[in-house]
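Along the sequence shown, residues carry numbers from 1.
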Amino acid sequence: MSMDHAGRRARFSEALTAAGIDLAFCPPSGDLEYLTGFPRRMASFGNNEYANQWVAGALFRPGAEPVYVIPQGYAAFNLPGGIDGEVVAVANTDDAAAVFAGLLREHGGPRTVAVSARTFGATAVRILETLPEVHLVDLDTVLNPLRRVKSAAELDALERASLICDTVMAEITPRVAVGVTELEIAAEVDYLMRKHGGRTSSFDTGVFAMGPGDGRDASARVSANALVPGLGVSFDFGTVVDGYCSDFGRTVHLGEPGEEYRRVYDLVIAAQAAGMAAAVPGATAAEVHRVTRQVIVDAGYGDWFRHRTGHCIGLDTHERPFISEEDHTVLAEGMTFTIEPSIFWPGRVGARVEDLFVCTPNGARSLNRYHREMVVV
């Protein structure tokens, strides 16, 4: 399925007008890809710097097509075939500030400018230097509501990314064995996601073993430790298909589990099921979190469910709204999010489950098909 970028831009233009925004800027990001299909590089640790990097992106005016501002360094390696539309090319030796200022002042200069969340600070500074009277606002307040509800084409990409995770989990489980290191398993997970069609990992892959007598905490997401009997090995991984991210998790137990692990495993599964049932249109994200968490609190493990229940997901792995106590956004049909309860108690027990869901009138429908039965190897 193809993405309707023109339709998205039309709705975005209407939203800009309604919000009184004269000009918007998006750097290469999920926002720009959402509106135009402009490709992003795979993520790296830290910043990839090049001359005039701060100017890269596109300018949007209500009722007009975007104007792309493309520095030489970005064009050389990220846009070998160019891009359709109006392009202002910025060479390494150009006065990028002057070029950018000229674009900002076109049509008399805007009064209100919105910048996307991933905009460089240098870009915002240049806008304010060029237009000191301008009112600078957060574009996320306009664009995020448009991105929340996914189209059929978006759901298709998210489901394909999720099904890759299902396939990988089935293939990696037999390789979880005493003596194998977490690092070896994590590397295999990353390889398998690429092998089965994922573009890249959507975040750092986690493989971490916890259990009785082991002080390891889930904050250490992967190590060179060899697996030993009696521990629950938790997985947290995702991949990218057509720009859309998946996020998935399960726990596999090494050797016959004790009573507490069995109880805890059943609790996280029950907590996720409660959240799934609660996640209907009209419910708030905070309500879904509360219902999910209450299952674990009532069983006496509330102190060890130490994070939010989940987050929305799409072109970015973590998108707003968050399925969390502070977020009172009302859920709508077609929104996609994770429900990922866990109980991580260092020295005692560790278990989690995570799937990607879409909000429906009957509750959350999983885009993953992998089973949630306890697995012991």
Side-chain angles (χ1 to χ4, degrees), residues 1-19 21 24 26 29-38 40 60 62 114 116-118 138-163 202 238 240-248 275-289 291-292 308-324 326-340 354-368:
M1 297 184 184
S2 60
M3 304 296 173
D4 181 16
H5 296 111
R8 292 173 180 176
R9 287 196 299 277
R11 292 187 292 275
F12 178 57
S13 181
E14 293 173 358
L16 290 177
T17 299
I21 295 171
C26 292
S29 60
D31 285 342
L32 189 54
E33 185 167 339
Y34 176 80
L35 292 169
T36 69
F38 190 97
R40 290 175 285 170
F60 296 83
S116 176
R118 297 294 175 265
D138 181 4
L139 185 61
D140 203 48
T141 60
V142 171
L143 193 48
N144 177 265
L146 300 179
R147 288 180 54 176
R148 289 176 189 171
V149 174
K150 296 335 191 247
S151 67
E154 290 177 294
L155 289 174
D156 176 69
L158 286 164
E159 186 161 17
R160 284 184 285 129
S162 296
L163 294 180
S202 51
V240 179
V241 171
D242 293 343
Y244 286 79
C245 305
S246 57
D247 193 351
F248 172 85
M276 291 167 60
V280 296
T284 68
E287 288 168 349
V288 176
H289 170 77
V291 168
T292 305
R308 63 191 179 192
T309 289
H311 50 84
C312 282
I313 188 169
L315 284 162
D316 294 301
T317 307
H318 289 192
E319 297 182 351
R320 295 181 184 274
F322 305 135
I323 312 301
S324 185
E326 81 290 342
D327 198 319
H328 298 282
T329 303
V330 175
L331 301 185
E333 187 172 359
M335 290 173 64
T336 50
F337 44 83
T338 65
I339 300 178
E340 47 182 295
E354 179 177 13
D355 295 285
L356 199 160
F357 298 93
V358 58
C359 182
T360 81
N362 298 318
R365 176 176 67 85
S366 179
L367 298 183
N368 292 98

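- Pro361 approaches Pro281 most closely through the heavy-atom pair CA-CD, 3.7 Å.
- Note that the CG atom of Asn368 and the OG atom of Ser246 stand 7.5 Å from one another [nearest 0.5 Å].
- By the 4.5 Å heavy-atom criterion applied to side chains, Pro321 and Arg148 are counted as neighbours.
- Taking all atoms of both residues into account, the shortest heavy-atom contact from Asp327 to Phe322 is OD2-N, 2.9 Å.
- With rounding to the nearest 0.5 Å, the separation of CG in Leu356 from CD1 in Ile313 is 4.5 Å.
- Atom CG of Leu331 sits about 8.5 Å away from atom CD of Glu287, to the nearest 0.5 Å.
- Shortest non-hydrogen contact noted between Ala15 and Val142 is CB-CG1, 3.5 Å.
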Starting from the C-alpha separation in whole Å, work towards a yes-or-no answer on side chain to side chain contact (heavy atoms under 4.5 Å, CB included) for Ser162 and Phe248. CA-CA 7 Å; Ser162 296; Phe248 172 85; over 6 Å; no

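- Here the side chains of Val149 and Met335 are in contact, with some heavy-atom distance below 4.5 Å.
- Atom CZ of Arg147 sits about 11.0 Å away from atom SG of Cys312, to the nearest 0.5 Å.
- Formation of a donor-acceptor pair under 3.5 Å by the Thr338 side chain with backbone atoms of Gly310 is not found in this model.
- Scanning for ring-ring contact (aromatic ring centres under 6.0 Å, His included) contacts around Phe60 gives Phe12, with sequence neighbours left out.
- With sequence neighbours excluded, the residues that form a salt bridge (Lys or Arg N to Asp or Glu O under 4.0 Å) with Asp355 are Arg250, Arg372.
- Two residues are said to be in side-chain contact when any heavy atoms from C-beta on lie closer than 4.5 Å; Leu139 and Leu16 meet this criterion.
- Within the 3.5 Å criterion, the main-chain N or O of Arg308 finds no donor-acceptor partner in the side chain of Ser324.
- Rounding to the nearest 0.5 Å gives a distance of 8.0 Å between OG1 of Thr329 and CG of Asn144.
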Please tabulate, for the side chains in residues 1-8, all donor-acceptor contacts under 3.5 angstrom to protein atoms that are two or more places apart in sequence or on a different chain.
unit_1, atom_1, unit_2, atom_2, d
Asp4, OD1, Gly7, N, 2.9
His5, NE2, Gly37, N, 3.4
Arg8, NH1, Tyr34, O, 2.8
Arg8, NH2, Glu154, OE2, 3.4
Arg8, NH2, Tyr244, OH, 3.3

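- Enclosure of atom CZ in Arg118 is not indicated, since only 12 or fewer non-hydrogen atoms of other residues, nucleotides or ligands lie within 6.0 angstrom.
- Looking only at side-chain heavy atoms (C-beta outward), Cys245 and Val240 come within less than 4.5 Å of each other.
- Asp31 and Ser29 are not linked by any side-chain donor-acceptor pair at a separation below 3.5 angstrom, with hydrogens and angles left out of the test.
- Among residues two or more places apart in sequence or in another chain, the salt bridge (Lys or Arg N to Asp or Glu O under 4.0 Å) test is passed with Glu33 by Arg40.
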Please report the C-alpha distance between Val358 and Lys150 in whole Å, then the side-chain angles of each, then the deciding distance to 0.1 Å, and finally whether the side chain to side chain contact (heavy atoms under 4.5 Å, CB included) criterion is met. CA-CA 9 Å; Val358 58; Lys150 296 335 191 247; over 6 Å; no

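- Counting only distance, with no hydrogens or angles, the side chain of Ser116 and the backbone of Cys26 share no donor-acceptor pair below 3.5 Å.
- Within the 4.5 Å cutoff, side-chain heavy atoms of Asp140 are placed close to those of Arg320.
- For the side-chain contact (heavy atoms from CB on, under 4.5 Å) with His311, the lone residue among Ile323, Asp247, Ile339 that qualifies is Asp247.
- When the side-chain hydrogen bond (donor to acceptor under 3.5 Å, both in side chains) test is applied to Asp138, no partner is found at least two apart in sequence or on another chain.
- Here His328 pairs with nothing under the ring-ring contact (aromatic ring centres under 6.0 Å, His included) rule; sequence neighbours left out.
- In this structure, the separation between CD1 on Ile21 and OG1 on Thr141 is 6.0 Å, given to the nearest 0.5 Å.
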